[in-house]
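See below for the structure under consideration.
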Amino acid sequence: MELSISFTEDTSKYVQIYEELKQAILSKKLLAHEQLPSKRTLAKTLDVSVHTIKEAYEQLQAEGYIYSKERSGYFIAPFEFEWGQQQKHHISTAITSPTYNINFDFNNGHVDKEAFPFSTWQKLLKKHFNVDNLTTSPWQGEAILRTEIARYVERSRGVTCEASQVFVYSGTQNQLQALCHFFGPKTHVGLEEPGFKRVHATLQQCGLTTHAIPVDNSGVTMPEKSIHMLYTTPAHQFPLGMVMPVERRAALLQWATSKKAYIIEDDYDSEFRYKGLPIPSLAKMDQLQRVIYFGTFSKTLIPSLRISYMILPKSLVEEFMLFNKEQKSVVSKIDQLVLADFIAQGFFDKHLAKMRTIYRKKQQTLLAAINTHFSKEFEVIGEKSGLHIVMKLPKRLAEQDAIRLAQEVGIEVYPCSISYQQGSKHAMVLMGYGGLTLEQINEGIAILATVWQTSIPVESLL
């Protein structure tokens with residue numbers, strides 16, 4: 001057998017010999033039961049030690065490529081299937097979509113990175129990054145953080161709870177999965193139509209039955225179907241942005257009480273409200289009888305922190321704790337301790353006040369730019385709170401056409417259609433402004449207007 005190897009310094013010689021022989025076997029250059037050279041012969045041929053050949057042969061034998069006979073040597077192992085068949089069929093069929101150079105990204109999940117208090121956070125991180133904090137947290141979260149969260153929601157949203165009712169997770173989907181497992185696959189859940197697509201996906205992945213509950217100008221409507229839970233975003237409906245009035249909130253709570261159902265109130269960006277007086281949360285009105293409260297630090301701090309929280313009614317806590325007793329924490333202990341300290345020392349409230357001013361100015365800049373550059377046929381909705389608005393497009397401009405035209409001039413906006421389970425009647429796009437500067441907002445909207453204002457419907461070109 002001829003075997004020629006140009007050894008490199010990247011890998012051990014025995015590994016290179018092993019790889020060469022393996023490829024010869026896979027490509028059938030070496031056939032079943034064919035005898036390999038003796039270790040001494042091959043060592044002499046390749047000018048290596050006998051030990052090097054021994055290691056290569058033993059690896060091949062361990063993986064089943066060769067077998068040995070006592071006092072006879074090593075032989076190629078037979079096999080009944082095509083070793084190389086996977087390589088033949090792995091031809092990429094992916095459709096390549098055009099790539100665009102995006103200069104202005106109106107992503108609703110982005111925040112103002114420059115405003116984050118890096119120096120303060122780093123000092124706290126240095127304080128807590130020590131040998132005592134290298135273990136994992138209790139599965140429900142650090143007690144000190146849960147206590148600070150309970151204090152925060154009481155003073156900011158009027159939700160009175162104990163630390164034992166607070167559970168720390170790594171995002172809305174994560175805590176929603178925990179609820180799904182707790183309530184079980186026979187649970188029927190109502191979802192806002194339109195609503196968070198990731199919530200819908202999570203519920204389906206967990207095997208729960210979902211029902212689309214339409215929204216109107218006051219938010220989610222009264223469920224007519226028999227459901228066990230209702231997921232809603234009353235402070236700033238996602239994606240359309242309406243704020244649920246007190247009358248609708250009271251009606252929903254009456255429904256939940258009469259049906260013995262639970263309401264999941266996702267307060268994902270309630271901290272940022274720009275018009276009108278604050279409206280009490282469902283959890284405050286209900287005082288956590290039938291309401292499960294969701295909160296997150298992704299909007300108020302940074303998305304990459306991945307810390308959220310869920311507050312349960314007292315009636316569910318003991319059973320939920322028992323159900324999850326074998327779970328482990330999904331959030332960094334050090335991050336939890338830093339955040340707890342950040343809240344306790346007043347840095348969080350100070351940061352929130354600063355961000356409300358920044359985001360209010362950004363939103364005013366966005367609305368003024370739209371008013372300046374766009375005609376009345378482009379309607380803005382959902383501007384009373386949060387970090388995004390929705391722009392309703394004129395009939396002549398389809399959603400996908402609007403997105404493509406924007407991308408061609410370096411702007412990224414996002415479809416609303418993906419938030420619907422049953423299809424949308426209107427073409428709309430979602431535009432976030434948290435991650436853009438005032439200059440970028442002005443420039444981006446001016447450029448966007450040049451392509452949307454003059455767009456011609458596709459059907460008129462046919």
Side-chain angles (χ1 to χ4, degrees), residues 95-112 193-195 197 215-217 236-242 272 274-275 358-462:
I95 300 173
T96 56
S97 55
T99 57
Y100 300 98
N101 183 23
I102 301 301
N103 301 313
F104 308 96
D105 190 352
F106 286 86
N107 190 310
N108 73 293
H110 290 180
V111 299
D112 193 318
E193 171 68 359
K197 65 172 184 176
V215 302
D216 59 18
N217 292 334
H236 187 224
Q237 199 279 331
F238 188 89
L240 299 183
M242 67 278 291
F272 305 114
Y274 311 117
K275 293 183 179 179
I358 289 174
Y359 290 142
R360 181 180 288 107
K361 194 168 184 179
K362 288 188 178 187
Q363 196 217 48
Q364 290 171 348
T365 300
L366 175 65
L367 295 177
I370 291 173
N371 189 53
T372 299
H373 297 287
F374 281 94
S375 64
K376 297 297 183 183
E377 62 179 347
F378 291 86
E379 181 186 352
V380 172
I381 59 176
E383 75 282 6
K384 291 184 178 180
S385 62
L387 298 181
H388 75 267
I389 57 117
V390 170
M391 184 179 280
K392 190 179 291 187
L393 304 173
K395 291 183 179 180
R396 61 177 173 80
L397 186 58
E399 182 187 81
Q400 285 305 313
D401 290 336
I403 292 171
R404 176 183 52 78
L405 287 169
Q407 290 172 335
E408 288 175 355
V409 292
I411 298 172
E412 193 77 79
V413 294
Y414 296 85
C416 274
S417 59
I418 59 174
S419 298
Y420 286 83
Q421 299 179 52
Q422 301 174 346
S424 171
K425 296 179 182 179
H426 305 284
M428 296 179 288
V429 293
L430 189 148
M431 302 173 69
Y433 48 85
L436 297 171
T437 65
L438 300 180
E439 293 75 18
Q440 288 174 326
I441 292 171
N442 273 316
E443 188 177 350
I445 293 299
I447 295 172
L448 194 59
T450 62
V451 291
W452 281 3
Q453 287 277 107
T454 58
S455 63
I456 303 173
V458 175
E459 54 268 21
S460 66
L461 300 174
L462 300 177

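Numbers here simply count residues along the sequence, with the first being 1.
- In this structure, Q421 CD and K197 NZ are separated by 13.0 Å, a value rounded to the nearest 0.5 Å.
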query = When you look at Q400 and V429, which way does the side-chain contact (heavy atoms from CB on, under 4.5 Å) test go after all the steps?
reply = CA-CA 9 Å; Q400 285 305 313; V429 293; over 6 Å; no
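- For the residue pair V390 and C416, the shortest heavy atom distance occurs at CG1-SG, 3.9 Å.
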Ignoring hydrogens and angles, write down the donor-acceptor pairs under 3.5 Å from the side chains of residues 361-369, residues two or more places apart or on other chains.
residue : atom : partner : partner atom : Å
K362    : NZ   : D112    : OD2          : 2.8
K362    : NZ   : G434    : O            : 2.9
K362    : NZ   : L436    : O            : 2.7
Q363    : NE2  : E383    : O            : 2.3
T365    : OG1  : K361    : O            : 2.8

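- Between the CG atom of N217 and the CD atom of Q237 there is a distance of 11.0 Å, given to the nearest 0.5 Å.
- Between atom CD1 of residue I411 and atom OG1 of residue T450 there is a gap of 7.0 Å, rounded to the nearest 0.5 Å.
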When the side chains of residues 101-109 are checked against the rest of the protein, which donor-acceptor pairs come out under 3.5 Å, sequence neighbours left out?
residue : atom : partner : partner atom : Å
D105    : OD1  : N107    : N            : 3.4
D105    : OD1  : Y414    : OH           : 2.6
D105    : OD2  : Y414    : OH           : 3.4
N107    : OD1  : G109    : N            : 2.7
N107    : ND2  : Y414    : OH           : 3.3

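- Residues G423 and E193 come closest through the heavy atom pair N-OE2, 4.1 Å.
- A distance of 11.0 Å separates CZ in R396 from CG in D401, rounded to the nearest 0.5 Å.
- Within the 4.5 Å cutoff, the side chain of P239 has heavy atoms near those of the P194 side chain.
- Side-chain contact between L430 and F238 is present, with heavy atoms from C-beta onward closer than 4.5 Å.
- Using a 4.5 Å cut-off on side-chain heavy atoms (C-beta onward), I370 and I389 make contact.
- No side-chain heavy atom of H373 sits under 4.5 Å from any side-chain heavy atom of F378.
- Side-chain contact between M431 and L448: present, with at least one pair of heavy atoms (C-beta onward) separated by less than 4.5 Å.
- Here the side chains of Y100 and E412 are not in contact, with every heavy-atom distance at 4.5 Å or above.
- Aromatic rings of H236 and F272 (six-membered ring for Trp) have centroids beyond the 6.0 Å cut-off, not under it.
- Judged as a side-chain contact (heavy atoms from CB on, under 4.5 Å), and not counting sequence neighbours, the contacts of A402 are L393, L397, W452.
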